[in-house]
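Predicted, not measured: the structure shown is a model, and the values here were computed from it. Here is how names work: the chains are called A, B, and so on, in the same order as the sequence lines, proteins then strands, and each is numbered from 1.
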Amino acid sequence: MIGKLRVVNSLTKQKEEFVPLNAPHVGMYVCGPTVYSDVHLGNVRTFISFDVIYRYLQFLGYKVRYVRNITDVGHLLDSGEDKISKKAKLENLEPMEIVQKYTNDFRQVMDTFNALPPDIEPTATGHLMEQIKMIQELLANGYAYESNGSIYFDISKYNEDRQYGKLSGRKTEDLLNQTRELDGQSDKRNPLDFALWKKAAPEHIMRWNTQWSDGFPGWHLECSVMSTKYLGEEFDIHGGGMDLKFPHHECEIAQNAGSTGKEGARYWLHTNMLTVNGQKMSKSLGNSFLPEQLITGNHELLERGYSPMTIRFFMLQSHYASTLDFSNEALNAAQKGYTKLANGLRLIKSYEYPQNAEGDLNQKQVDQINKICDNCHYAMNDDFNTALTIGHLFNLVKKINSIQTGQLKFTDIGEETFNRMKQTFIAFTEDVLGLKLESEISTDNLLEVILSEYKAAKESKDYDKVDELRAKLKAEGVIVKDMKSGVDWAFEE
RNA sequence: GGUCCUGUGGCCGAGUGGCUAGGCAGAGCUCUGCAAAAGCUCGUACAGCGGUUCGAAUCCGCUCGGGACCUCCA
């Protein structure tokens, strides 16, 4: 390993060396989507960021267990309605049909962006027993109370022993002065208290029977429960979007500490927001577009569509903790930049160091290339700085292109350096950043080009060429069909 | 209102005490049948004003601008 990995920990607001609890194992939990509608582009950014983090940890040799939940119950609207229930009523479907539909969509979208699936993708409804158990523990420890069939987390009690708000830097007194009126608040002893279990109103369709009531779990609980179950009471990394810091992650810490005595994650990583014209991209502002729309260009804010890898590249050109502004100009620039990088990848993959090459080493070139390779490691080690890494990769692209044009000879850099460059470039581009070649070349159109050559050869009675083309196409599984009506092709049977 | 982040060249975007980030756009050169690709070179960038320092885009203070969170959101 070259250098040491350092990460910015939201918990301490410091850049710290990353030391896993049980190396070579690393446990990472990321808050996943609530599957009640199409996945938001902001989610995509967050999950692409953590995909790179996951990939880089693996690249460093860690055995990572990546857990990302699917929220399929308990996430409420201001009105007190469950998001999934509401959608189910709207579309006249079972809640679980909604869940399945948007889970499928979500996975498909993430796959389009070449994000690896997590190792465990647990659902809230699949862990009700565990949630009930954690509520019982919190009750037993005195950090929760029952009220009208609902169970709430007791912030005042918790504050006697610990400090609620340490992650987001909030003070309970300040929070108390500015809470809004919410449904069911009258059952709480303190407006800051949050629901662990809510008694279901008669019209509420997602409900489970417990000793307290027919009800459903609170939104924050699932993450505490599932991270503890799969990663332990203490684990390495917890990630999510900045906007989950408060209250969601704060509540998670409180639940973990209140039930197990340990606060869960040791390193908290938060991704920043996507913006459009400087404003946060959000559903309520109407300035957001779906991943699908960004790819097809079917949205009034978009001049054209952009390929999935262009979008992934665009996102990785900024640091995950910075906001990233979307504009057609920036996306166009990314499109060209990505193509340049992809061409470099295609080239280097096709190159092998030639046998029997003779010539003197150019030490300056050797040193430069080795330094750039080192820099890729240093950049990723510095809190997963993908933007800087891409900068270094472009420096390697220049070297690769110079080999193609002959301005740089294989012998200038020697076999060892060439192989290191090739290995480093491919590993960082494909394995770490998850950027892959995507061909936008249409096979059909290429066939058209070849068939028109075929027709031309036939018309000029160049039968040697006709036979040659026909044979070559056959070798590729394409049969040329010479018909009275014209020339077409078919798959070889 | 409270808490916090941020302001980098035409655009995007890293960096955060002295060392060329990078991409896109632009200019020049090399190569070239044409066109392109590619390589090389260039533009005297760090919101403003003070301060600390041998030295600041980078630290501190103030001013101005932008934004986020404060129980919908990744």
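Projected onto RNA chain B by closest heavy-atom contact, A:R170 and A:K340 fall at different nucleotides, the more 5' of which corresponds to A:K340. Each of A:K371 and A:T275 was assigned the nucleotide of RNA chain B with the nearest heavy atom; the assignment lying further toward the 5' end belongs to A:K371.
If you check every strand for non-hydrogen atoms under 4.0 Å, A:K398 touches sugar and phosphate atoms only. Backbone-only engagement by A:S402 is indicated by non-hydrogen atom pairs under 4.0 Å involving sugar-phosphate atoms exclusively. At the heavy-atom level, A:M315 lies nowhere under 4.0 Å from the strands shown. Residue contacts for A:G337: at a heavy-atom cut-off of 4.0 Å it reaches the sugar-phosphate backbone alone, with no base atom in range. If you check every strand for non-hydrogen atoms under 4.0 Å, A:H319 touches sugar and phosphate atoms only. The residue A:A387 sits close to a base: some heavy atom pair falls under 4.0 Å. Here A:D325 lies in heavy-atom contact (under 4.0 Å) with sugar-phosphate atoms only. At a threshold of 4.0 angstrom between heavy atoms, the contacts of A:L324 are confined to the sugar-phosphate backbone, with no base atom among them. Within 4.0 Å of A:S327, counting heavy atoms only, lies no atom of the nucleic acid at all. Across all strands, A:N343 comes closer than 4.0 Å to no nucleic acid atom at all (heavy-atom distances). Within the 4.0 angstrom heavy-atom criterion, only backbone atoms of the sugar-phosphate kind lie near A:K336; the bases stay farther away.
Rounding to whole angstrom units, CG of residue A:L396 and C1' of B:rG23 are separated by 15 Å. Here the P atom of nucleotide B:rA68 and the NE2 atom of A:H249 are 19 Å apart, to the nearest Å. Remark: P of B:rA36 and CD of A:Q404 are 17 Å apart, rounded to the nearest angstrom. Rounded to whole Å, the distance from CG on A:D382 to C1' on B:rA21 is 13 Å. In this structure, the CG atom of A:N332 is 13 Å from the P atom of B:rG26, given to the nearest Å. In this structure, A:F313 atom CZ and B:rG13 atom C1' are separated by 11 Å, rounded to whole Å. Rounded to whole Å, the distance from NZ on A:K399 to P on B:rA38 is 16 Å. One can place CG of A:D243 at 14 Å from C1' of B:rG67, the figure rounded to the nearest angstrom.
Here A:D51 pairs with A:R55 in a salt bridge; the nearest charged N to carboxylate O distance falls below 4.0 Å.
Of all heavy-atom pairs spanning A:F59 and A:A427, the tightest one is CE1-CB, 3.8 Å.
Here the two rings, on A:F153 and A:Y164, have centers that are 6.0 Å apart or farther. Aromatic rings from A:F418 and A:Y351 are positioned such that their centres are separated by 6.0 Å or more.
Between A:N385 and B:rG15 there is a side-chain N or O to OP1 or OP2 distance below 4.0 Å. OP1 and OP2 of B:rA38 both lie 4.0 Å or more from every side-chain N or O belonging to A:N401. Contact annotation: A:Q279 reaches the phosphate of B:rG67 (side-chain N/O to OP1 or OP2, under 4.0 Å). The phosphate of B:rC4 (OP1 or OP2) has no side-chain N or O of A:S168 nearer than 4.0 angstrom.
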Review point. A:E121 and A:R107: salt bridge (charged side-chain N to carboxylate O under 4.0 Å, His left out), yes or no, with the steps?
Key: CA-CA 11 Å; A:E121 200 169 32; A:R107 289 188 181 136; 2.7 Å; yes
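A:S168 pairs in a side-chain hydrogen bond (donor to acceptor under 3.5 Å, both in side chains) with only one of the listed residues (A:K245, A:H248, A:E250, A:H270), which is A:E250.
Checking B:rU16, B:rG22, B:rC73 against the side-chain heavy atoms of A:S282 singles out B:rC73 as nearest.
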